[in-house]
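Structure record follows, encoded as structure tokens.
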Amino acid sequence: MKTFDGKYDVSRGMSNVTRRRVGCRICGDTGLKTFLDLGSTPPADRLVSESVPAESEPRFPLEVAFCRMCRLVQILETVPPEVLFCEEYPYYSSFSPQLLDHSRANALELIEERGLDDKSLVVELASNDGYLLRNYVEKNIPVLGIDPAEGPVRKAEEGGVRTLKAFFTLELASRLSSEGYAADVIHANNVLAHVADTNGFVEGIRVLLKDAGVAVIEVPYVRELIDKCEFDTIYHEHLCYFSVTTLNHLFRKHTLYLNKILRLPIHGGSLRLYVNRRENVDGSVRAILEEEDRDGVTAAGYYDDFAGRVHRLKKHLLNLLSDLKGQGKRIAAYGAAAKGGTLLNYTGIGREYLDYVVDRNVHKHGKYMPGIHLPVSPPERLLTDRPDYVLILAWNFADEIIGQLSDYASLGGRFIIPIPEPRVR
Ligand code: DWN
């Protein structure tokens, strides 16, 4: 079934083949219903140098649709992964202390529960800078990280985490399996939504997983996105936005079973999925499936008013910032996050409102956020420059960030948190 009508977007000699889907990414059905259009935006994690004129940056449509058959929420444009997860990919998991704690707790729990030892194998798909696998290495449990981004992979290797610089695919899974690799645990955190070949990726998990193994997969939960208006978590890296209903269908399609689920607060509200080759579904899965059915999460109508709510949030935030600027206030931002790229480029909030953005990730310093070209500085700048307000773009870590900025707050600094409703703290 033809599901692509490939088109070419050539920007200043860089040919970025983008493909606009006409069929669902999981089931291929062509009855996709668009419910949100965020316009054409630059890749959210593609920080630029000052010399790159904004008009020369590649921009791609960001339209979100619902599949009437498998209920998958998805974006219609597929930007080539090598454009998104390029050698300059700036996201390093280890710059988020809360994420490190979250991941460590998960690893230690699995080591205990599953009696992992030096005969076991733990594989992580999208292992980034070794932020999670390092917890297994410390316990002498064999690991294999798989990630395509050059910088984070180098960091992982430096930290003693054996990593394959590659995109995880069914082909790679088959090759590893033929070489004798079989995983007791497969981690796949914040990656299932990122892959263009969703079916191949899931099939690859089944191929690489031992019969009694478990795949522990974390994904943002589409219900949190809609209920809390987290529209800025929509960007080209995130191709899919999952409900449990869709996930259950997806895994069963590949003879895997979603047996247990935890709802987590991380990243604005995520799901931790426990998936096995053998069926043993527990109450946590049945409860969420029933809840989604009862509350209409699996029906198109659930998404009908979302665009209106996003537009109202945009106006509320612009009015808030305009009022503060009208009072002569100076405003900076915190978190050169991918979600910040969507928020600022969709709302048009740029240098007329914000002076700069700060971030702990040293790989982002000296660069500029895509599209709106805000310079990225170390957080210390807030203490020397003392803006009146800080707009927290990484709102999913707001408490942690505000806790770190107590000195800035003690000098009278205040915070603006944009999601789920713009408010001053
Ligand atoms: O899916 C993805 C999510 C999980 O992470 C990736 N595609 C990209 C990334 O998205 P993001 O950049 O929106 O995620 P974060 O983790 O919310 O970004 C936080 C940003 O804030 C990072 O650049 C690190 C920075 N940060 C900081 O400067 N100080 C974060 C914390 C917690 C801090 O204390």
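As the structure lists them, so they are numbered: ligands from 1, and atoms in each ligand from 1. Remember, it's a predicted structure, so these values are computed and weren't measured experimentally.
With sequence neighbours excluded, the residues that form a side chain to side chain contact (heavy atoms under 4.5 Å, CB included) with S322 are Y353. Residues forming a side-chain hydrogen bond (donor to acceptor under 3.5 Å, both in side chains) with S243 (at least two apart in sequence, or on another chain): T246.
Listed by chain and number, D45, Y89, Y91, F95, S96, N190, H194, Y235, E237, H238, H267, Y334, G335, A337, A338, K339, D359, R360, K364, A394, N396, F397, E400, I401, Q404 each place a non-hydrogen atom less than 4.0 angstrom from ligand 1.
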Using atom types as modelled, flag every donor-acceptor pair under 3.5 Å from a side chain in residues 341-349 to any protein atom, sequence neighbours excluded.
| residue | atom | partner | partner atom | Å |
| --- | --- | --- | --- | --- |
| T342 | OG1 | I234 | O | 2.7 |
| N345 | ND2 | G341 | O | 2.9 |
| N345 | ND2 | P370 | O | 2.9 |
| T347 | OG1 | L343 | O | 2.6 |
| T347 | OG1 | L344 | O | 3.4 |
| T347 | OG1 | I349 | N | 3.4 |

> Is there a side-chain contact (heavy atoms from CB on, under 4.5 Å) between I416 and I392 once you walk through the steps?
Replying inline: CA-CA 6 Å; I416 302 163; I392 298 186; over 6 Å; no

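Here E291 pairs with R263 in a salt bridge; the nearest charged N to carboxylate O distance falls below 4.0 Å.
Contact between D129 and S93 at its shortest, heavy atoms only, is OD2-N, 3.5 Å.
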